[in-house]
Structures are given as structure tokens and as C-alpha cells.
Amino acid sequence: MNLVQETRNSPAPRKIDLLDQVEYRLAVSEIEKEDIYSLRYRAYLSEGAIEPRADHRLTDRFDDLPNSWTFGIYLDGELMSSVRISVATPDNSDTPAVEAFPDLIEPELAKGKVIVDPNRFVADPVRRTKYPQLPYITLRLAYVACEHFKADIGTATVRKEHQAFYRRVFLHQPLCLPRPYPTLTKPLSLMAVDYPKLREKVFQRYPLFRSTELERRTLFERRQVSSPPVINLPQFLTGQPSISPAV
């Protein structure tokens with residue numbers, strides 16, 4: 001059972017009690033990148049989504065593209081989860097979702113739309129059950145990116161059994177049946193949401209997904225610096241947000 005399934009099968013905590021410990025770190029150094037590649041390998045292997053590899057790491061060409069941002073999510077300094085945010089535009093459409101689902105995405109890009117494509121969402125297979133809030137905290141970066149890049153469409157590439165979670169939380173809708181996906185042994189389906197149309201509904205139900213302009217710039221603006229941005233969530237959030245739908 002993976003993290004999304006565990007979250008779906010368990011009642012969502014009323015409050016995010018990890019905020020004081022959570023940091024988002026953009027992977028810049030080789031050490032940070034290798035830690036994430038190792039985490040990916042362990043997470044996918046534990047789900048049977050990849051075959052064993054001698055190097056015990058999982059990376060691909062998208063990790064080095066200028067329109068991709070790979071983040072580690074740390075609790076008390078420990079890497080707990082990771083997600084890569086790729087952004088497809090008419091001028092730069094090279095993302096995993098575009099490669100796997102060109103018939104569905106390329107027509108939208110031809111209309112001039114901007115698409116945020118979160119991918120490689122993984123969590124530590126040993127410690128993830130201790131933190132049922134991790135999917136919300138990790139995938140929040142997709143909504144931060146949608147706001148920063150003024151996305152028209154937010155996508156998710158997920159297995160069929162995970163669709164219910166993305167429907168419920170992010171209001172995504174499936175666009176096709178599962179298909180083969182690069183480097184993985186299990187097929188994925190493409191889901192999508194009209195971000196400008198539905199974002200306020202999501203924000204009302206999950207205030208945690210809101211962000212400030214400062215946070216967005218800190219996370220996604222490219223900088224020529226020796227150290228990557230580190231984001232501690234509480235300084236960008238007001239009050240104590242709930243991750244359960246508002247009633």
C-alpha cells in the first residue's frame with residue numbers, strides 16, 4: 001500500500017501539526033539530488049513500479065531540464081518525500097506528461113496554454129505511515145507552481161487506483177485510460193484540472209494550498225547562488241490551516 005492509498009483509507013487529520021518542522025528544498029547540490037534519486041528508487045521499488053537496479057537510484061533526462069524543479073520535503077532535517085514540478089509552455093513543452101500523453105496535451109499547448117505537470121511524487125517507504133499529512137504537504141507545491149506560472153491546466157499522472165484521491169482533493173478529472181509511462185512498469189492515466197476555474201474552490205476547502213508571492217518567487221525563480229532556497233512553511237501561512245474540507 002502506498003502513501004496515497006494510506007491517506008485515502010485514513011481520516012484526514014484536522015490540522016497540519018508538522019508545519020513547524022517542514023522545509024521545502026530545491027535540489028541543487030549533487031548530494032541533495034542523489035538523496036532524492038535514491039528515495040525515488042526505494043519508493044517505486046517498494047510499490048513494484050520499477051525493476052531492481054544495480055545503482056539503486058532513479059533519475060531521467062527531465063531532472064536536468066530548465067523547466068523542471070525537483071524538491072525535497074524535509075521534516076526535522078530528514079528527507080521524507082519529493083516531487084518534481086515540470087512546466088510546459090508553447091515555447092518549451094518538454095515534460096514527462098507531454099511525452100506520455102502528447103495527443104491530449106499538445107492541442108492545449110497549441111492554444112497557448114501553460115500546463116504545470118507535477119511528477120515523481122514519492123515518499124520514504126519506511127517512515128511514510130507516520131505522517132498521513134505528507135501527500136497534502138508535498139503536492140501543495142503543485143498549486144504553488146500553478147499560481148506562480150499562471151497555469152491554465154494542472155495535471156497529474158497517476159495509477160487508476162489513485163484517481164479518487166486526486167478527484168477529491170484537487171478536483172482533477174481523468175482524461176484517458178492508463179497507459180505505459182517512461183521508466184515505470186505500471187501504467188498511469190492523465191488527470192487534469194482547469195486551474196483558474198477551480199482554484200478558489202480548492203483553496204476554500206484546503207487553505208493549506210494557498211501561497212504568497214514571496215514564497216512562489218523564492219521557490220521557482222532561478223538564481224545563481226551557491227545554496228538552494230529553503231522554505232519553512234509557517235512564515236508563509238496565516239493561522240492554522242486545516243487539510244480537511246471546510247464545512
So Leu26 and Phe220, do their side chains get closer than 4.5 Å, heavy atoms only?
no
Distance check, rounded to the nearest 0.5 Å: Ser189 atom OG versus Glu161 atom CD?
9.0 Å
Contact summary for Ser46 and Ala43, nearest pair of heavy atoms:
OG-O, 2.7 Å
Could you check whether Arg25 makes a cation-pi contact with Tyr74, meaning its NZ or CZ is under 6.0 Å from the centre of the six-membered ring and within 45° of the ring axis?
yes
Check: Glu32 side chain, Ser29 main-chain N or O, donor-acceptor pair, under 3.5 Å:
yes
Could you check Glu108 against Ile115 for side-chain contact (heavy atoms from CB on, under 4.5 Å), going step by step and ending with a plain yes or no?
CA-CA 9 Å; Glu108 301 301 323; Ile115 300 174; 4.2 Å; yes
Nearest 0.5 Å, what's the CG-CD distance between Asp55 and Glu34?
9.0 Å
Residues that Lys130 engages under side-chain contact (heavy atoms from CB on, under 4.5 Å), provided they are two or more places apart:
none
State plainly whether the residues Glu213 and Arg216 are in salt-bridge range, i.e. N to O under 4.0 Å.
no
Leu65: hydrophobic cluster co-members (side-chain, 4.5 Å):
Phe62
Can you pull out every ring pair (Phe, Tyr, Trp, His ring centres under 6.0 Å) where at least one residue sits in residues 26-46? Sequence neighbours excluded, please.
Tyr41-His56
Looking at side-chain heavy atoms only, is the closest gap between Asp152 and Asp194 below 4.5 Å?
no
Minimal heavy-atom distance between Leu109 and Thr89, with the atoms involved, is CD2-C, 3.8 Å
How close do Gly72 and Leu79 get, counting heavy atoms only, and between which atoms?
CA-CD1, 3.7 Å
Heavy atoms, side chains only, cut-off 4.5 Å: are Asp117 and Val98 in contact?
no
Write down the atom of Pro187, the atom of Arg159, and the distance for their closest heavy-atom approach.
O-CG, 3.8 Å
Looking at residues at least two apart in the chain, or sitting in another chain, which of them share a side-chain contact (heavy atoms from CB on, under 4.5 Å) with Ala151?
Val116, Cys146
Are the side chains of Leu141 and Pro118 in contact, using a 4.5 Å heavy-atom criterion?
no
Atom OG in Ser81, atom CG in Leu134: separation rounded to 0.5 Å?
4.5 Å
Heavy atoms, side chains only, cut-off 4.5 Å: are Ile153 and Val193 in contact?
no
In plain terms, say whether Arg210 and Glu215 are close enough for a salt bridge, that is, a side-chain N and a carboxylate O under 4.0 Å apart.
no
For a quick check under 3.5 Å, do Ser86 and Asn119 share a side-chain donor-acceptor pair by atom type?
yes
Are Arg205 and Glu200 ion-paired here, with the side-chain N under 4.0 Å from a carboxylate O?
no
CZ/Arg199 to CZ/Phe170 distance, rounded to the nearest 0.5 angstrom?
16.0 Å
Could you tell me whether Phe149 and Trp69 have their ring centroids closer than 6.0 angstrom?
yes
State which residue, out of Lys33, Arg84, Arg120, fulfils the salt bridge (charged side-chain N to carboxylate O under 4.0 Å, His left out) condition with Asp63.
Arg84
Step by step, would you call Arg57 with Arg40 a side-chain contact (heavy atoms from CB on, under 4.5 Å)?
CA-CA 7 Å; Arg57 64 200 292 272; Arg40 283 181 190 167; over 6 Å; no
Roughly how far apart are Glu51 CD and Thr185 OG1, rounded to 0.5 Å?
6.0 Å
Can Leu214 and Arg217 be said to form a side-chain contact (heavy atoms from CB on, under 4.5 Å), step by step?
CA-CA 5 Å; Leu214 174 58; Arg217 291 203 321 264; 4.0 Å; yes
Whether Tyr166 and His172 hold their rings parallel, tilted or perpendicular, with breakpoints at 30° and 60°:
perpendicular
Anything under 30° is parallel, anything over 60° is perpendicular, the rest tilted; go ahead and classify Phe203 against Tyr195.
perpendicular
Step by step, work out the side-chain contact (heavy atoms from CB on, under 4.5 Å) result for Val144 and Phe209.
CA-CA 7 Å; Val144 177; Phe209 296 151; over 6 Å; no
How long is the gap from CG on Leu58 to CD1 on Ile36, to the nearest 0.5 Å?
12.0 Å
Please report the closest heavy-atom contact between Pro107 and Pro102, naming both atoms and the distance.
CD-O, 3.6 Å
All heavy atoms of Pro182 vs all of Glu99, minimum pair found to be CG-OE2, 3.2 Å
Side-chain heavy atoms of Ser82 within contact of Thr70, under 4.5 Å
yes
Any side-chain heavy atom of Leu190 sitting closer than 4.5 Å to one from Ile105?
yes
Pairs flagged by salt bridge (charged side-chain N to carboxylate O under 4.0 Å, His left out) wherever residues 173-185 is involved - sequence neighbours left out:
Asp103-Arg179
Report the residues that fulfil ring pair (Phe, Tyr, Trp, His ring centres under 6.0 Å) with Phe101, sequence neighbours left out, ordered by chain and then residue number.
none
Using side-chain heavy atoms (C-beta onward) and a distance below 4.5 Å, is Leu188 in contact with Val158?
no
